[in-house]
Amino acid sequence: MEAASGYPLGRALSCALRPASSRCSGSLALGGGCRAVAEVRVLVINTGGTIGMVKEDKGLAPEANKLVKALKKMPMLHDDEYVKEKKNSDFCEFPDDTLVLPLSKQNKRIVYTIHELVPLLDSSNMTAHDWAKIAMELEKYYEQYDGFVILHGTDTMAYTASALSFMCENLGKTIVLTGSQVPIYELRNDGRANLLGALLFAGQFVIPEVCLYFYHKLYRGNRVTKVDAGSFNAFSSPNLPPLANAEVDITINWETVWRANTKKKFKVHTQMNGNVGLLRIFPGINAAAVKAFLQPPMEGIVLETYGTGNAPNNREDLLEELRKATEREVVILNCTQCLRGSVTSDYETGQTLTATGVISGGDMTPEAALAKLSYILSKSHISWEQKKKMLSENLRGEMTVVPTGAKICLADSKFIQVIAKSLNVSCKEELEAIRDALTPSLACAAAKTGDTDALKAIEEMGGNLSCQDYDGRTPLHIASSEGNVQIVDYLLKHGATVHAKDRFGATPLMYAVKFRHEEVIKLLRKSGAHLSSQELKNIGTELCSLAAKDDVYGLYVWYLTGANMEQTGYDGRTPLQIAEIRGHVALLDFFKKKYKEENEQS
Ligand code: ASP
């Protein structure tokens, strides 16, 4: 089937492509909805922690059902006027517990909903069971929200962030953990600023990582550790600079952002292996205690060693216990006790330890190493050798792996050099600025012409293939509009995000539908692309109009996006009813086949 011409665009896109002056009062309307152009949805999962605690007789403890009410009274975290206006306007459903941030500098409205887990916990009480609860919540609501915030106690936040980074497989959206050192209900507190910052990042940027936001900084979740119990600046990411800084301006370090390089859909892995532990060596450590620690059911431990991964090599009793354990296939992952730095093979003491079968944990934090161990050991279908290999690989940006082989760098690009020369530019920062300014145009042009070599070169120069042009379009938007399956495939394999929205709120999937590129739609869907719940809800009139025109292919491409084909149009009829009334035989046949297929699948 090939695209028919003259297809009336989805209303979102037709609205988007009209001149700004004729647009519906800054709104991106889809089939009669009233979603503001830049309205984004964030789900906040409240697990507990100081941020929502109150002082009881026995000390600070979380209190249920209190946070939403309190936030509604905080103008920086809730704009009640906006909600009232929306409620009065025609079709909008805004459930009572909906919260909305004031309009952001980036001209976005962040609409957020809080789901409170039961019971709320001091994070000292959390276990892998609670991580699984959070992960399942993320999976359940993944398609309905643009981003996620997890409110969590600071004590074990680094453990949860590390664990979730592994449990969330093929992540394509932003997840931000945050909390505070002082409850949000107190006069002087860090909860308000932390929550606001986390919401702004989760709602406005596609940073497809499990992040942690605290005290003006966005960190990669599996790189942090809690370093201060008495300061608002409680976390540190010793071996990786922050992903973003929220100072006067928000600056994102896009080159550091981790991208999954996968075409698979998001899913969560909840079965972590609990037979893991942390063991910190110290001068004179007792070999019998080490032996006891390594006994079954223990399957893996993180050994916290000195400096660059050193342990005594004059303690045969200790080395013997470690050797015996690795021979029993207990995994021992070597991490440094130092806050900063990595395990290396610089010292004889370190090399003796490696000879016992211990694996280097590089520059992983003990929290990340423990989470990785627990994750990998829970994968029962892979061999012991494969597990050891995975532990040495960088799975989620948790460790620094020095790339082998020559790397083309910015200075190698003749093109950039010529421009730099004519602009009299010589320093690295300025070269990078030129690259960043040119990358979106170059990458979008390469996507348009199907030039994989150009995309490769841009990537090798350190350019980001999820970059957005002046209208917020990414190379994936362009390739999807063009229907170039090879380029779409290439971009997906190289970290392009399917969730990017251009300034009109349209995703690459929306463009693929608009230009009726069936294969691209299928590929994007396989990679987890979906229309937002709001868009899906409001396409009834569009579908009915296609049905009225007997446009079978037009309906078919919408069907491929996962749209609910039983939605009613403005007059309450479904596309099927319209096909029946008008006697569109081919269309009736399409619906019959669709129902048959669905019945067979269920
Ligand atoms: N004990 C608290 C917790 O981790 C500390 C905090 O949230 O800052 O839940």
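Ligands are counted one by one from 1 in listed order, and the atoms in each one are counted from 1 as well. Fair warning: this is a prediction, and the values are worked out from it, not measured in the lab. Note: hydrogens, waters and symmetry copies are ignored here, and every other heavy atom, side chains too, is used.
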Do any nitrogen or oxygen atoms of ligand 1 lie under 3.5 Å from a protein nitrogen or oxygen, and which ones?
| from | atom 1 | to | atom 2 | distance (Å) |
| --- | --- | --- | --- | --- |
| ligand 1 | 1 (N) | Asp122 | OD1 | 3.0 |
| ligand 1 | 1 (N) | Asp122 | OD2 | 3.1 |
| ligand 1 | 1 (N) | Asp155 | OD2 | 2.8 |
| ligand 1 | 4 (O) | Ser123 | OG | 2.5 |
| ligand 1 | 4 (O) | Thr154 | N | 3.3 |
| ligand 1 | 4 (O) | Asp155 | N | 3.0 |
| ligand 1 | 4 (O) | Asp155 | OD2 | 3.4 |
| ligand 1 | 7 (O) | Thr50 | N | 2.9 |
| ligand 1 | 7 (O) | Thr50 | OG1 | 2.8 |
| ligand 1 | 7 (O) | Thr154 | N | 2.9 |
| ligand 1 | 8 (O) | Thr50 | OG1 | 3.0 |
| ligand 1 | 8 (O) | Thr154 | OG1 | 2.4 |
| ligand 1 | 8 (O) | Ser180 | O | 3.1 |
| ligand 1 | 9 (O) | Asp122 | OD1 | 3.2 |
| ligand 1 | 9 (O) | Ser123 | N | 2.7 |

[X]/[Y] ion pair, N-O < 4.0 Å:
| X | Y | answer |
| --- | --- | --- |
| Asp155 | Lys226 | yes |
| Arg109 | Glu39 | no |
| Asp80 | Lys87 | no |
| Lys324 | Glu321 | yes |

Practice prompt. Assess whether atom CD of Glu186 is packed by more than 12 heavy atoms of other residues, nucleotides or ligands within 6.0 Å.
Written response: yes
Worksheet item: With a 6.0 Å cut-off on ring centres, are Tyr219 and Phe235 close enough?
Response: no
